[in-house]
S.K.: 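Can you read through this structure? Questions will come right after.
Predicted model only: the values in this text are computed from it and were never measured. Every chain is numbered from 1, with letters handed out A, B, ... down the list of sequences.
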2 protein chains.
Amino acid sequence: MAMSLAEEVSLDLEVMFKALASERRLQILEWLKDPAGNFPPQEHGDPHEHGACNQFIVEKLGVSQPAASRHLKVLTDAGLVIATSRKGWTYYRRNEEAIADLTRQLANDL
Amino acid sequence: MAMSLAEEVSLDLEVMFKALASERRLQILEWLKDPAGNFPPQEHGDPHEHGACNQFIVEKLGVSQPAASRHLKVLTDAGLVIATSRKGWTYYRRNEEAIADLTRQLANDL
DNA sequence: CAGCTGTATAGCAGGTTAGTTATATGGCTA
DNA sequence: TAGCCATATAACTAACCTGCTATACAGCTG
């Protein structure tokens, strides 16, 4: 059965573009490419598996904790980032599959 | 001399994402893939060479002429669309090279 | 289970975006 | 060149975004 790319992966381009239309959020995505390299060592939560600890992102962004929290929510709601809670901390990592789906669709459809 | 992709093509990702973060503007870009197919026949200005006549875009968008004008300005300022004035009318077409540059950079860097 | 700590939500202020109507601009055309 | 017609700009409003502080929530941990 034939489907358009949009149906196939059901990406909401407008939501994703809104999430990406922010220097702060682009910066977060960039940092999350290499959590271990961009953030201090963390005691719990493997940087490679679970991503970077929330608090490190807050500090590096240089905004208040609630502001950072909302940026991370925008990214997770758009499906670009995945949150993991563990022992009272929250870790964020890139959703590489979704990002690859997005760039693939853009290369074909934009 | 080595350059990052961002320097090489000097794309302002945030500006482009902001331009794309609008259902209306995504719609315009979609229509402009096939001006002859998506708009009425125009007397002057080859649809394929110069793009679609401004007035047709205004009508099809269903917003006021100034609102459409600003959407088109956002797209042209981001470099995604090219405007051509001719005999009193203005035509808009996709900047396929810029769009290809963008999707290429996203595939590599996002 | 009581308290503490990390994170999310509420509520507010300031700036930006997107729509409107009214008007200015600019270049054909007669 | 006088007028007209297509488009852009101005001015205003409503909605949205992003930052803040204060507070609620949730789940470890002693």
Side-chain angles (χ1 to χ4, degrees), chain A residues 12 14-29 32 35 39-40 42-45 47 50-78 80-93, chain B residues 12-29 32 35 39-45 47 50-78 80-93:
Chain A
D12 187 331
E14 189 186 6
V15 168
M16 289 199 165
F17 282 136
K18 277 191 202 302
L20 293 168
S22 152
E23 204 62 69
R24 289 252 153 80
R25 292 191 289 267
L26 288 174
Q27 182 72 81
I28 292 172
L29 282 176
L32 291 186
F39 299 100
Q42 45 197 54
E43 299 172 8
H44 304 292
H50 300 109
C53 175
N54 187 341
Q55 293 202 329
F56 293 156
I57 300 176
V58 170
E59 289 167 19
K60 197 152 183 170
L61 263 189
V63 296
S64 67
Q65 176 267 319
S69 179
R70 195 167 37 197
H71 281 304
L72 288 161
K73 178 169 169 47
V74 171
L75 287 169
T76 55
D77 286 351
L80 296 167
V81 152
I82 297 172
T84 307
S85 289
R86 197 186 158 88
K87 299 222 174 120
W89 283 271
T90 303
Y91 303 92
Y92 291 94
R93 67 180 189 278
Chain B
D12 186 332
L13 280 190
E14 190 185 6
V15 167
M16 290 201 164
F17 282 137
K18 276 191 201 303
L20 292 168
S22 152
E23 205 61 70
R24 289 252 152 81
R25 293 191 288 267
L26 288 173
Q27 182 72 80
I28 292 172
L29 283 175
L32 290 185
F39 297 100
Q42 46 197 52
E43 298 171 8
H44 304 291
H50 300 108
C53 175
N54 187 339
Q55 293 203 327
F56 294 155
I57 300 175
V58 170
E59 289 167 18
K60 199 155 182 169
L61 263 190
V63 296
S64 66
Q65 175 266 320
S69 180
R70 196 169 35 195
H71 281 304
L72 288 161
K73 178 169 168 49
V74 171
L75 286 170
T76 54
D77 285 353
L80 296 167
V81 153
I82 298 171
T84 308
S85 290
R86 197 186 158 88
K87 300 230 174 111
W89 282 271
T90 303
Y91 303 93
Y92 290 94
R93 68 181 188 278

S.K.: What residues from residues 54-61 of chain B pass a heavy-atom cutoff of under 4.0 Å to DNA chain D?
M.R.: B:Asn54, B:Gln55
S.K.: Would you indicate what A:Ala67 reaches in the nucleic acid, counting non-hydrogen atoms under 4.0 angstrom: base, sugar-phosphate, or nothing?
M.R.: sugar-phosphate
S.K.: Could you tell me, to 10°, how much the axis swings from one end of the helix from C:dC1-D:dG30 to C:dA30-D:dT1 to the other, five pairs per end?
M.R.: 20°
S.K.: Nearest 0.5 Å please: distance from the CD1 atom of B:Ile28 over to the CG atom of B:Leu72.
M.R.: 4.5 Å
S.K.: Counting side-chain heavy atoms from CB outward, which of D:dT9, C:dA8, D:dT7 is closest to A:Ser69?
M.R.: C:dA8
S.K.: Hey, does B:Leu26 have a side-chain heavy atom less than 4.5 Å from the side chain of A:Phe17?
M.R.: yes
S.K.: Quick one: is C:dT7 close enough that its OP1 or OP2 comes under 4.0 Å of any side-chain N or O from A:Arg70?
M.R.: no
S.K.: Do you know which two heavy atoms are closest between B:Ala68 and B:Leu61, and how far apart they sit?
M.R.: CB-CD1, 4.0 Å
S.K.: Between D:dG19, D:dT29, C:dA8, spot the one nearest the side chain of A:Lys87, thanks.
M.R.: D:dT29
S.K.: I need the CD-P distance between B:Glu23 and C:dG19, as an integer number of Å.
M.R.: 12 Å
S.K.: Given C:dG19, D:dT18, C:dT7, identify the nucleotide with an atom nearest to the side chain of B:Val63.
M.R.: C:dG19
S.K.: Enumerate the residue pairs fulfilling side chain to side chain donor-acceptor pair (under 3.5 Å) with a member in residues 54-76 of chain A, sequence neighbours excluded, ordered by first and then second residue.
M.R.: A:Arg25-A:His71, A:Lys73-A:Asp77
S.K.: What is the ring orientation for B:Phe39 with B:Phe56, classed by angle as parallel under 30°, tilted 30 to 60°, or perpendicular over 60°?
M.R.: parallel
S.K.: Could you tell me whether the phosphate oxygens of C:dG19, OP1 or OP2, come under 4.0 Å of any side-chain nitrogen or oxygen in B:Ser64?
M.R.: no
S.K.: Could you state the OH-P distance from B:Tyr91 to C:dC28, rounded to the nearest angstrom?
M.R.: 12 Å
S.K.: Take the protein atom CG of A:Leu72 and the nucleotide atom C1' of C:dA8, then report the distance between them rounded to whole Å.
M.R.: 11 Å
S.K.: Provide the closest heavy-atom pair for B:Pro35 versus B:Leu32 in the form atom of the first, atom of the second, distance.
M.R.: CD-O, 3.4 Å
S.K.: Mind checking the CZ-CD spacing from B:Arg24 to A:Glu14? Nearest 0.5 Å is all I need.
M.R.: 10.0 Å
S.K.: How close or far is atom C1' of D:dG19 from atom CZ of A:Arg25, stated in whole angstroms?
M.R.: 13 Å
S.K.: Taking all non-hydrogen atoms of both residues, which atom of A:Ala78 and which atom of A:Ala19 are closest, and how far apart?
M.R.: CB-CB, 3.7 Å
S.K.: Among C:dT17, C:dT20, D:dC20, which nucleotide has an atom closest to any side-chain atom of B:Lys18?
M.R.: C:dT17
S.K.: Under the side chain to side chain contact (heavy atoms under 4.5 Å, CB included) rule, what do B:Leu29 and B:Leu20 come out as? Steps first, then yes or no, please.
M.R.: CA-CA 9 Å; B:Leu29 283 175; B:Leu20 292 168; 3.5 Å; yes
S.K.: Distance check needed: C:dT17 C1' versus B:Leu75 CG, whole Å only.
M.R.: 14 Å
S.K.: So, is B:His71 near the phosphate of C:dG19, with a side-chain N or O under 4.0 Å from OP1 or OP2?
M.R.: yes
S.K.: Over how many whole Å does the gap from B:Asp77 atom CG to C:dT16 atom C1' extend?
M.R.: 15 Å
S.K.: Take B:Ala68 and A:Gln65, find for each the nucleotide of DNA chain C with the closest heavy atom, and name the residue whose nucleotide sits nearer the 5' end.
M.R.: A:Gln65
S.K.: Angle class for the A:His50/A:Tyr91 ring planes (parallel below 30°, perpendicular above 60°, tilted otherwise)?
M.R.: tilted
S.K.: What integer distance in Å separates A:Lys73:NZ from D:dC25:P?
M.R.: 17 Å
S.K.: Can you tell me which nucleotide in D:dT21, C:dG19, D:dA10 comes closest to the side chain of B:Pro66?
M.R.: D:dA10
S.K.: Please tell me if B:Arg24 has a side-chain N or O lying less than 4.0 Å from either OP1 or OP2 of C:dG19.
M.R.: yes
